[in-house]
Amino acid sequence: MPQTADRLNKEQRAAVEYTGSPLLVIAGAGTGKTKVIVHKIAYLIDNIGVNPDNILSVTFTNKAAWEMKSRLKNLVGERADGVWMGTFHSICLRILRRETHKTVLKRGFGVIDQDDRLSALRTVVKELNIDSKKYSPKQYMWLISSFKNTMEYVEGEEPEEFIYRFPEVFKAYQQYLSFANLVDFDDMLALVIRIFQENDEVLTFYKNIFRYIMVDEYQDTNYIQFFFLKLLSGEYGNICVVGDDDQSIYGWRGAEIRNILDFEKHFFDVKIIKLTENYRSSPNILFTANTLIANNNYRKGKNLSPVIDKMGNIMVKECHDEQDESIFVINEIERMLDQGIPFSEIAILYRTNAQSRAFEVELNKRGIPYKVIGGISFYSRREIKDLLAYLKLSDNPYDIDSLKRSAKNPPKGIGNVIIQRIIDYATGNGTDLISAAKEIASVSKGKTAANLKFYTDILDDMQQYENIADKIKVILNGSSYGNYLKQFEEQNDANKRINNIDELINAAAIFDESYEESDLSEFLSTTTLTTSTDESAGDSVSLMTLHSAKGLEFDSVFLTGLEEGLFPLFRSMDNEWELEEERRLCYVGITRAKSNLVFTYTNTRMVYGKRQFCRPSMFLDELEINDNDEQEADISSTESYEKKLKANTRVFHSKYGEGIVLNVKGVGDKVKADVFFQSSGLKKMLAESLEIF
DNA sequence: CGCACGAGAATTTTT
DNA sequence: TTCTCGTGCG
């Protein structure tokens, strides 16, 4: 994110130039952590003479990686391309593709996405005659994911019976993956670590490549990711991790906040640098954020101090229901637009995806451009998945799910019975599914034979073309996909889907252009690794969950649905640990805002189509807000300090040193001020103990 | 085989 | 409220 000054401050510079031993940078929100990483990489290349190929930089999202790369390009030019940048998953996938022969996978293996993973488990659960009402496929999926993130799995052990018949389900699921030649998200890391542990020479090879390792958002790494890093870097290695314990919001997904809290114990000779100067938010917004997070116990403890001295606006608004809330929010947005704030600088944040709907309705009504980030990602839209299924099957002819999907959509007279016959034939004879389909076609007669031939002809035609964009066109023509949409969808929906398809063809064409030879596997894994949060809002208002907002910043932020049970979410309210995570989530939301921050809550809200009554969130009680108007009134009614002491005055205290005044309250000799000290953060002070600079 | 209809579940958050 | 899944009919 762009910053006011391009110069590095003292701490930032120290972090950039330190290379002696493992380095932990505790970087609060808006303190320029991306800047530090980018400058550090540039420093390594330009000043230390490190080869870009020897630098690994791990980010939390693909988008963050792209942004980082483009910023790095501004500093070091084309040499930036050499640096390994990406998420843990994308980096590991790259390694896995190179080292496929060290695993049981076949070349050109595919990546199974979350949706397909769930449907695979549905099939498994059904085949094992497990009552899916009692033990849902989702539960199994969740447990499989957790298990795959343990060392037991990495080391090849069998799981225990965590829930009913878990080992059986696990085994059947693994067999499915193995036949279909697929890996899931968790396997990407686990299998790479397994390769490293079983093959010393491979580990040595990669240790030699990744001589300098940089990790962003370290507070959200899990144990297995930590293990991966430690294997590559060793205890003394050139590893630099950047993170903020107050922004750890993925505990539910297995993130270990202890990775950052115990960094000094995991590595030797650790150097720690804290960044606490915030370049993003106005002082009162920071003050609010600091007062809220101070309610947490499990933290290292720090306060952010403002660099910007212009006060912002903070508002809390009570609304009747979610419609009222959306009307209020959009009214405010229109006001902001009038003030010249661009669409892209406005965000509506919420706890759950379901909350976006009311806002979307209202935004549509007023014709304000917006983009919902998160929710359903581009690549999981039905029409896109349908087309990708053909590509996936042709790339990996063992992929059962893609066979099912492509054979059925659009409908072409191939139903479950025939599909099952194909699968049985393939498993029975050890052939791939496409050959099996052709085989079945040749022994069938009449309609069935013709239908199957129609289907396999499309797959054969695709082989004639090298470019992925061309292959997609073959699918579209061959299956009359456009007609299929027009036939079964409303005009409007059909058009939207056709637009999406055009967009897919575009993406494929761009991919075709940028690679010497189009690698279908590579393209397809990009599509599964690219998640909804990687899409950018462009010139429109952003709507997203608080989780998706991590790492972003906006001039104006609406934090909506601040109600007990919704935020904090009901399930976390009786658990101190989870409640603190909710509070951190709120903290993340607040610190996204540069100058306008609006909280809203409603009295009633529709849940599952039932109206429910709501109480304001406890977070609203915990945080403190500096009201500008009130402050001015106070200042005019006091006598001795008020004239000199007001917001943004720089002051000095005998014990705490230099600080900045956030607000002033009280009268006469009881004048009190909230002051940010550089050394120790926010304090409430009697005005008479302060000296004015 | 494919569609239409009805019952029942679903909401945390995502690489 | 909205989506998904299963069932039964043409």
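Every chain is numbered from 1 and lettered A, B, ... according to where its sequence line falls, protein lines coming before strand lines.
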Margin query: So A:Phe60, base contact, sugar-phosphate only, or nothing? Heavy-atom distance under 4.0 Å.
Written below: sugar-phosphate

Check: Near DNA chain B, under 4.0 Å by heavy atom, which residues of residues 225-232 of chain A?
Finding: none

Margin query: Using a strict threshold of under 4.0 Å (side-chain N to carboxylate O), is an ion pair present between A:Asp184 and A:Arg117?
Written below: yes

Next item on the list: Looking only at side-chain atoms of A:Asn353, point me to the closest of B:dC3, B:dT15, B:dT13.
Entry: B:dT13

Next item on the list: Select base, sugar-phosphate, or nothing to describe what A:Lys412 touches, counting heavy atoms under 4.0 Å on all strands.
Entry: sugar-phosphate

Next item on the list: Please work out if A:Ile418 contacts a base, only the sugar-phosphate, or nothing of the nucleic acid, heavy-atom cut-off 4.0 Å.
Entry: sugar-phosphate

Check: In terms of side-chain heavy atoms of A:His547, which of B:dT15, B:dT14, B:dC3 is nearest?
Finding: B:dT14

Next item on the list: Figure out the CD/P separation between A:Gln139 and B:dA9, and round it to whole Å.
Entry: 15 Å

Next item on the list: Could you check which of B:dT12, B:dC3, B:dT15 has an atom nearest any side-chain atom of A:Pro411?
Entry: B:dC3

Next item on the list: Assess the pair A:Trp142 and A:Tyr140: is the distance between their ring centroids shorter than 6.0 Å?
Entry: no

Note to self: Quiz question: going by heavy-atom distance under 3.5 Å, is there a donor-acceptor pair between the base of B:dT13 and the side chain of A:Arg351?
What the structure shows: yes

Next item on the list: Look at all strands and tell whether A:Phe88 reaches a base, only sugar-phosphate, or nothing, counting heavy atoms closer than 4.0 Å.
Entry: nothing

Notebook entry, point to check: Is there aromatic stacking of A:Trp252 against B:dT12, centre distance under 5.5 Å, plane angle under 30°?
Noted result: no

Margin query: One thing to verify: whether A:Arg583 and A:Glu622 come together as a salt bridge, which I'm taking to mean a side-chain N less than 4.0 angstrom from a carboxylate O.
Written below: yes

Check: Rounded to whole angstroms, how far apart are CD1 on A:Ile422 and P on B:dC1?
Finding: 11 Å

Check: Measuring from A:Asp187:CG to A:Leu93:CG, what's the distance to the nearest 0.5 Å?
Finding: 11.5 Å

Checklist line | Output field: ring centroids A:Phe263/A:Tyr218 closer than 6.0 Å | finding: yes

Margin query: Base, sugar-phosphate or nothing for A:Ile414? Non-hydrogen atoms, less than 4.0 Å.
Written below: sugar-phosphate

Next item on the list: Find the distance A:Asn409:CG to B:dC3:P and express it as a whole number of Å.
Entry: 10 Å

Check: Any side-chain N or O of A:Lys447 less than 4.0 Å from the OP1 or OP2 oxygen of B:dG2?
Finding: no

Note to self: Each nucleotide in nucleotides 1-10 of chain C should get exactly one letter: B, S or -. Can you fill that in based on protein heavy atoms under 4.0 Å?
What the structure shows: BS--SS----

Checklist line | Ionic contact status for A:Glu563 with A:Arg605, cut-off 4.0 Å | finding: yes

Next item on the list: Assign the ring pair A:Tyr350 / A:Phe359 to parallel, tilted or perpendicular, where the plane angle (0 to 90°) is split at 30° and 60°.
Entry: parallel

Notebook entry, point to check: If only side-chain N and O atoms of A:Ser548 are considered, is one of them under 4.0 Å from the OP1 or OP2 phosphate oxygen of B:dT13?
Noted result: no

Check: OP1 or OP2 of B:dT14 less than 4.0 angstrom from a side-chain nitrogen or oxygen of A:Thr61, does that happen here?
Finding: no

Item checked: Value in whole Å for how far the C1' atom of B:dT15 lies from CG of A:Asp187 -> 14 Å

Check: Nearest 0.5 Å, what's the CD-OH distance between A:Glu99 and A:Tyr206?
Finding: 3.5 Å

Next item on the list: Give the rounded distance in Å between these two atoms: CZ of A:Arg117 and P of B:dT15.
Entry: 14 Å

Note to self: From CD1 of A:Ile419 over to P of B:dC1, roughly how many Å is that when rounded to an integer?
What the structure shows: 8 Å

Next item on the list: Identify whether any heavy atom of A:Val607 sits under 4.0 Å from a base atom; if not, whether one sits that close to sugar-phosphate; answer base, sugar-phosphate or nothing.
Entry: nothing

Next item on the list: Could you say whether A:Phe185 or A:Ser136 is positioned toward the 5' end of DNA chain B, judged by the nucleotide with the nearest heavy atom to each?
Entry: A:Ser136

Check: Should the pair A:Tyr484 and A:Tyr481 be assigned to parallel (<30°), tilted (30 to 60°) or perpendicular (>60°) ring geometry?
Finding: perpendicular

Check: B:dT11 base to A:Gln355 side chain: any donor-acceptor pair below 3.5 Å?
Finding: no

Note to self: Once you apply a heavy-atom cut-off of 4.0 Å, does A:Lys138 come out as touching a base, just sugar-phosphate, or nothing?
What the structure shows: sugar-phosphate

Check: Within this structure, what is the CG-to-P distance between A:Leu118 and B:dT11, rounded to whole angstrom?
Finding: 10 Å

Note to self: From CD of A:Glu256 over to C1' of B:dT15, roughly how many Å is that when rounded to an integer?
What the structure shows: 17 Å

Note to self: Work out how far the C1' atom of B:dT12 is from that of C:dC5, and round it to whole angstrom.
What the structure shows: 23 Å

Notebook entry, point to check: Would A:Arg97 count as a cation-pi partner of A:Phe109, with NZ or CZ less than 6.0 Å from the six-membered ring centre and within 45° of the ring normal?
Noted result: yes

Next item on the list: Only counting residues at least two apart or in another chain, list the ones meeting salt bridge (Lys or Arg N to Asp or Glu O under 4.0 Å) with A:Arg584.
Entry: A:Glu581

Item checked: Upstream residue (5' side of DNA chain B) when A:Leu569 and A:His89 are each assigned their closest nucleotide -> A:Leu569

